[in-house]
Amino acid sequence: MPELEEPKWLSGAVGYEIYIRSFADGTGTGIGDLIGLHDRLDHLAWLGVDIVWITPFFSSPMADHGYDVADYTGVDPLFGDIEDLDRVIERCRELALRVVIDIVPNHTSMAHSWFEAALADPAGPYRDYYLWRDPADDGGPPNNWISHFGGPAWTLDEKSGQYYCHLFLPEQPDLNWRNPAVRREFVDILEFWFERGVDGIRIDVAHALIKDEQFRDNPRHPDTADLVDPRDVFHSFEHTYDLLQPESLDIYREWREVADRYDAALIGETYVLDVPKLAKLLAGDGLHVGFWFSTMSMRWDAHSIRHTLREPAEGIGHRVGWVQSSHDESRPVARFGGGDLGRRRSLGLCVMLMGLPGVTFLYQGEELGLDDADVPVELRDDPIATRNAGATGRDVCRTPMPWEPGPNLGFSTADHTWLPVGHEQSDTVAAQREDPSSHLRQMRSLLELRHGLVGMTDIVEWPSTPPELVAFTRDDHTFVLNATDQPVQWTPGGEWQIVYRTAGQPGESGPVIELAANEAAVARAH
Ligand code: GLC
């Protein structure tokens with residue numbers, strides 16, 4: 001099958017993830033919402049992003065903060081109503097921002113009418129929307145699959161005596177993607193949103209939809225007894241049978257036909273850390289873009305960084321969704337050493353991600369260089385933390401966005417916010433806009449530079465460098481990162497002018513590129 005044209009607007013675009021609960025509260029409830037988002041969209045236009053990805057705002061009991069959807073076409077009153085969403089879409093149009101929404105197809109909420117019907121009538125048509133199995137011989141779960149959020153991936157329905165499968169919370173039953181009726185439901189859901197003006201979807205756990213038909217046990221790594229975080233326990237298994245089944249591509253082919261009619265994009269949350277396997281979900285007429293998550297677990301040294309960037313750049317090219325942060329992970333500033341060191345490194349990595357072909361996503365607050373917030377145990381709200389003793393969970397990266405000095409740093413007028421405001425006045429958008437050397441202003445200049453790259457070749461060369469550096473060239477630009485805590489000089493051959501740098505002013509030219517510790521720079525052949 002010939003490769004289909006991707007939506008033109010996707011090419012070289014920069015995306016921005018809005019974690020809606022924590023972006024802006026427009027109604028004084030202490031929880032972010034659509035009106036709040038609408039009123040803050042100017043910030044994104046000023047920053048220079050192209051795509052706004054909004055995390056789930058659908059009707060939900062919020063067991064997993066909206067990733068447990070009870071109605072895929074209804075807006076939860078906590079976030080507003082569908083007219084508020086229309087206003088967001090309209091304002092995005094005015095600001096030339098594309099709107100991507102989050103579709104959660106692996107599972108519904110247990111409060112979804114399909115699951116309620118499946119429980120109420122085991123002989124009815126909705127039963128087969130989900131994955132049911134009889135107990136094992138000992139009465140326990142039918143196999144050894146486990147949930148990302150702790151415990152088995154199976155919960156017993158006492159009434160029918162069968163277990164249902166859930167790769168996340170028991171409140172998030174997994175759908176049966178081998179059932180054509182489920183497929184038809186989602187085609188309708190996609191059409192509903194594309195008709196409404198949405199430009200694309202981010203597909204939650206896009207690698208998980210289809211499960212092994214025989215529900216075989218997953219192999220397990222042997223030395224994992226002491227793991228505390230349920231996500232680490234999850235990764236101690238080989239997910240041979242519950243993830244990445246080859247039939248997944250068929251689903252995305254079907255969706256692609258729908259998306260292409262609307263010039264819409266399919267962007268997968270593909271937690272697949274192996275390039276050839278990830279490439280299979282993207283093949284030709286599959287997903288347009290798949291996230292590459294190895295940046296979240298790589299070590300900070302030139303060898304690891306080069307390997308983490310080069311493999312997908314060579315294997316997947318412009319279909320990579322580059323990310324270094326999200327609402328699910330400790331912030332990169334914290335992962336890369338914390339404080340100014342972490343900030344410098346994270347910005348340096350961002351320069352490299354912006355230089356490569358593909359779509360690069362920022363997560364809210366990344367443009368401010370936010371560190372993880374301190375969320376006391378008793379205030380934690382993420383089910384990973386509240387249901388697993390000793391697990392930190394994801395609240396540290398989900399605290400309210402700091403906008404300006406004042407109550408709740410401008411996030412909300414409420415007395416209490418759903419998570420504590422974890423940042424300082426100096427972190428706020430307002431404070432950083434005033435300071436020409438701030439992280440925010442550096443990020444904005446980087447996005448300006450990135451837009452100048454649209455139309456460049458997708459061919460990336462990886463020249464040899466001193467071992468401390470990671471570098472690649474695209475057309476006449478070289479992107480280079482010093483991954484050490486010492487200054488490094490590099491003479492790549494030829495004359496270069498520095499057009500962007502993360503420490504100090506650009507402008508110098510000559511044969512030698514000098515980089516401060518953990519600095520990244522962009523040089524143009526002179
Ligand atoms: C994805 C989401 C995460 C959610 C999970 C279950 O990984 O990013 O926040 O908890 O899916 O839907």
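Counting starts at 1 for both ligands and their atoms, following the listed order. Only heavy atoms go into these numbers, but all of them, side chains included; no hydrogens, no water, no symmetry mates.
Rounded to the nearest 0.5 angstrom, Trp53 CH2 and Glu269 CD are separated by 7.0 Å. Atom CG in Leu44 sits 5.0 Å away from atom CD1 in Ile18 (nearest 0.5 Å).
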Query raised in the report: For Arg127 and Asp157, what are the C-alpha separation, side-chain angles and deciding distance, and is it a salt bridge (charged side-chain N to carboxylate O under 4.0 Å, His left out)?
Result: CA-CA 12 Å; Arg127 185 73 169 184; Asp157 163 34; 3.6 Å; yes
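Residue pairs meeting the salt bridge (Lys or Arg N to Asp or Glu O under 4.0 Å) criterion with at least one member in residues 385-396, sequence neighbours excluded, are Asp64-Arg394, Glu171-Arg387, Asp328-Arg394, Asp382-Arg394. Annotation: salt bridge (Lys or Arg N to Asp or Glu O under 4.0 Å) contacts involving residues 173-182, sequence neighbours excluded, comprise Asp174-Lys211, Arg178-Glu213, Arg178-Glu247.
Looking at residues two or more places apart in sequence or on another chain, you find a ring-ring contact (aromatic ring centres under 6.0 Å, His included) between Phe215 and Trp145, Trp154.
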Can you pull every nitrogen or oxygen pair between ligand 1 and the protein closer than 3.5 angstrom?
{"from": "ligand 1", "atom 1": "7 (O)", "to": "Glu269", "atom 2": "OE1", "distance (Å)": "3.3"}
{"from": "ligand 1", "atom 1": "7 (O)", "to": "Glu269", "atom 2": "OE2", "distance (Å)": "2.9"}
{"from": "ligand 1", "atom 1": "8 (O)", "to": "Arg202", "atom 2": "NH2", "distance (Å)": "3.0"}
{"from": "ligand 1", "atom 1": "8 (O)", "to": "His327", "atom 2": "NE2", "distance (Å)": "3.0"}
{"from": "ligand 1", "atom 1": "8 (O)", "to": "Asp328", "atom 2": "OD2", "distance (Å)": "2.5"}
{"from": "ligand 1", "atom 1": "9 (O)", "to": "His327", "atom 2": "NE2", "distance (Å)": "2.8"}
{"from": "ligand 1", "atom 1": "9 (O)", "to": "Asp328", "atom 2": "OD1", "distance (Å)": "2.7"}
{"from": "ligand 1", "atom 1": "9 (O)", "to": "Arg394", "atom 2": "NH1", "distance (Å)": "3.3"}
{"from": "ligand 1", "atom 1": "10 (O)", "to": "Asp64", "atom 2": "OD1", "distance (Å)": "3.4"}
{"from": "ligand 1", "atom 1": "10 (O)", "to": "Asp64", "atom 2": "OD2", "distance (Å)": "2.5"}
{"from": "ligand 1", "atom 1": "10 (O)", "to": "Arg394", "atom 2": "NH1", "distance (Å)": "3.0"}
{"from": "ligand 1", "atom 1": "11 (O)", "to": "Asp204", "atom 2": "OD1", "distance (Å)": "2.9"}
{"from": "ligand 1", "atom 1": "11 (O)", "to": "Asp204", "atom 2": "OD2", "distance (Å)": "3.0"}
{"from": "ligand 1", "atom 1": "12 (O)", "to": "His107", "atom 2": "NE2", "distance (Å)": "2.9"}
{"from": "ligand 1", "atom 1": "12 (O)", "to": "Asp204", "atom 2": "OD2", "distance (Å)": "2.7"}

